[in-house]
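Here the structure is laid out as C-alpha cells; the discussion comes afterwards.
Every value quoted in this text rests on a predicted model; they were computed, and no experiment measured them. Heavy atoms only: backbone and side chains are in, while hydrogens, waters and symmetry mates are out. Numbering of residues begins at 1 and proceeds along the displayed sequence.
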Amino acid sequence: MSLDAAWALDWARRAALLAAENRAQLTELDRAIGDADHGDNLERGMKAVVAKLDAAQRAGGVPASPGGVLKLVATTLMATVGGAGGPLLGTAFLKAARSSDASAWGTQELVRALEEATSGLEARGHATSGDKTMADAWRPAAMAAKEAAEIGEDEIGVLAAAVQAAAKGAQDTEPLQARLGRASFLGERSCGHRDPGAQSSALILQAAADAARDHSSDPFLVVEQA
C-alpha cells in the first residue's frame, strides 16, 4: 500500500474535524499557559484549509500528489492561523510537502516527510525536545516512524507508531517548565500543564493515521466536513 493525494486530502479534512471537536480543550490548555486562543486559531485555519480544498476540487485543480496537497495546507495555515502556531505548523507542512514529489508515498517517504517537518518547525521555532513546544510531539513521532519503518512496518504501522509517540510526547510536556514562547514567562508556574501545541500536533498526526487506515480498506473513501 502507498498513500496518494486522496489520502492527503482526507488527512486534511480529518484534521479539521479533530480541530473543531477539540477546540475547547485546546483553548483551555492554552488558557493556562498562553493566550487562550490556540483552539480557535487552529479551528479557523483548518476550516480555511478545507475551503481551499473544496474550491480546488470544484475547479478541477486538486493537487495530484501528497506533496501538492500538503503545500496547499501549509500556505493556508500560514495565512490564517495566528500566533506562533501558524508559522510553525505551516513550516512543518511545507517541509513535508517538499520532502517528496512522488505521486504516492511509501514508508520511506513518510519517514522523510516527518523528519523534514520536525526539523523545519524546530528550526523555525528554535526549539528542541524538552522546551515544552510542538517539537515535543513531532520529534518523538519522527523518531518512532523511522524505527517502525526499519523493522518492516507498513505505512499504517509507521503512522501508528508516530501517533503513539506524539501522544506520549504531548502528555510528557505536563511536568516540564517552558523554555520558549509566552509560557516561558511563567517560569515554574508553567509546570503541571500540557502544551497546547504539542497536543494539537498529536491530533493532526492522528488524523493522518486514521486516513491511512481507512484508505487501506477503501481507497475511495472521503470524509465530508461537517
For the student: nearest non-hydrogen atoms of [X] and [Y], plus distance:
X	Y	value
G90	A74	O-CB, 3.3 Å
G106	E155	CA-OE2, 3.2 Å
A141	L114	O-CD1, 4.4 Å
A144	A161	CB-O, 3.5 Å
A145	V158	CB-CG1, 3.6 Å
G45	T80	CA-OG1, 3.3 Å

Decide yes or no for [X] and [Y]: does some side-chain heavy atom of the first lie under 4.5 Å from some side-chain heavy atom of the second?
X	Y	value
S201	L89	yes
L53	L9	yes
T107	E153	no
W105	S99	yes
V50	R13	yes
P196	M134	no
F93	I204	yes
P87	R124	yes

N-O pairing of [X] and [Y] below 4.0 Å:
X	Y	answer
K146	E150	yes
D37	R44	no
E122	K95	no
R14	D10	yes

Going by atom types alone, do D210 and Q206 pair a side-chain donor with an acceptor below 3.5 Å?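 Per modelled atom types, D210 and Q206 side chains form a pair under 3.5 Å.
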
Could you give the distance from [atom1] ([X]) to [atom2] ([Y]), rounded to the nearest 0.5 Å?
X	Y	atom1	atom2	answer
L205	S200	CG	OG	9.5 Å
H215	I156	NE2	CD1	11.0 Å
R194	L176	CZ	CG	11.5 Å
L17	L203	CG	CG	12.0 Å

So does [Y] get a backbone contact from the side chain of [X], meaning a donor-acceptor N/O pair under 3.5 Å?
X	Y	answer
T75	L72	yes
D30	L26	no
D136	G130	yes
D4	A6	yes
T118	W138	yes
K71	A97	no
D35	H38	no
T173	D195	yes

Report the C-alpha distance between Q199 and Q25 in whole Å, list the side-chain angles of each, state the deciding distance to 0.1 Å, and finish with yes or no for side chain to side chain contact (heavy atoms under 4.5 Å, CB included). CA-CA 10 Å; Q199 181 67 16; Q25 179 204 33; 3.9 Å; yes

Identify whether L94 and L42 are in the same connected component of the hydrophobic contact network (ILVMFWY, side-chain heavy atoms under 4.5 Å).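 No, no single cluster joins them.
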
Can you get from M78 to M46 by hopping between Ile, Leu, Val, Met, Phe, Trp and Tyr side chains that sit under 4.5 Å apart?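 No, it is not one cluster - the side chains of M78 and M46 are not joined through contacts under 4.5 Å.
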
Apply side chain to side chain contact (heavy atoms under 4.5 Å, CB included) to the pair V69 and W11, showing each step before the final yes or no. CA-CA 10 Å; V69 174; W11 175 10; over 6 Å; no

Going through the distances and angles, do K132 and Q177 end up as a side chain to side chain contact (heavy atoms under 4.5 Å, CB included)? CA-CA 7 Å; K132 202 180 182 91; Q177 180 173 328; over 6 Å; no

If you count every heavy atom of other residues, nucleotides or ligands that lies below 6.0 Å from R179 atom CZ, does the total exceed 12?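 For R179, atom CZ is crowded (more than 12 foreign heavy atoms under 6.0 Å).
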
Would the number of heavy atoms belonging to other residues, nucleotides or ligands and lying under 6.0 Å from CD of E28 be above 12?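 Atom CD in E28 is crowded, with more than 12 foreign heavy atoms closer than 6.0 Å.
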
Intermediate values then yes/no, side chain to side chain contact (heavy atoms under 4.5 Å, CB included), V111 and E109: CA-CA 5 Å; V111 168; E109 285 82 11; over 6 Å; no

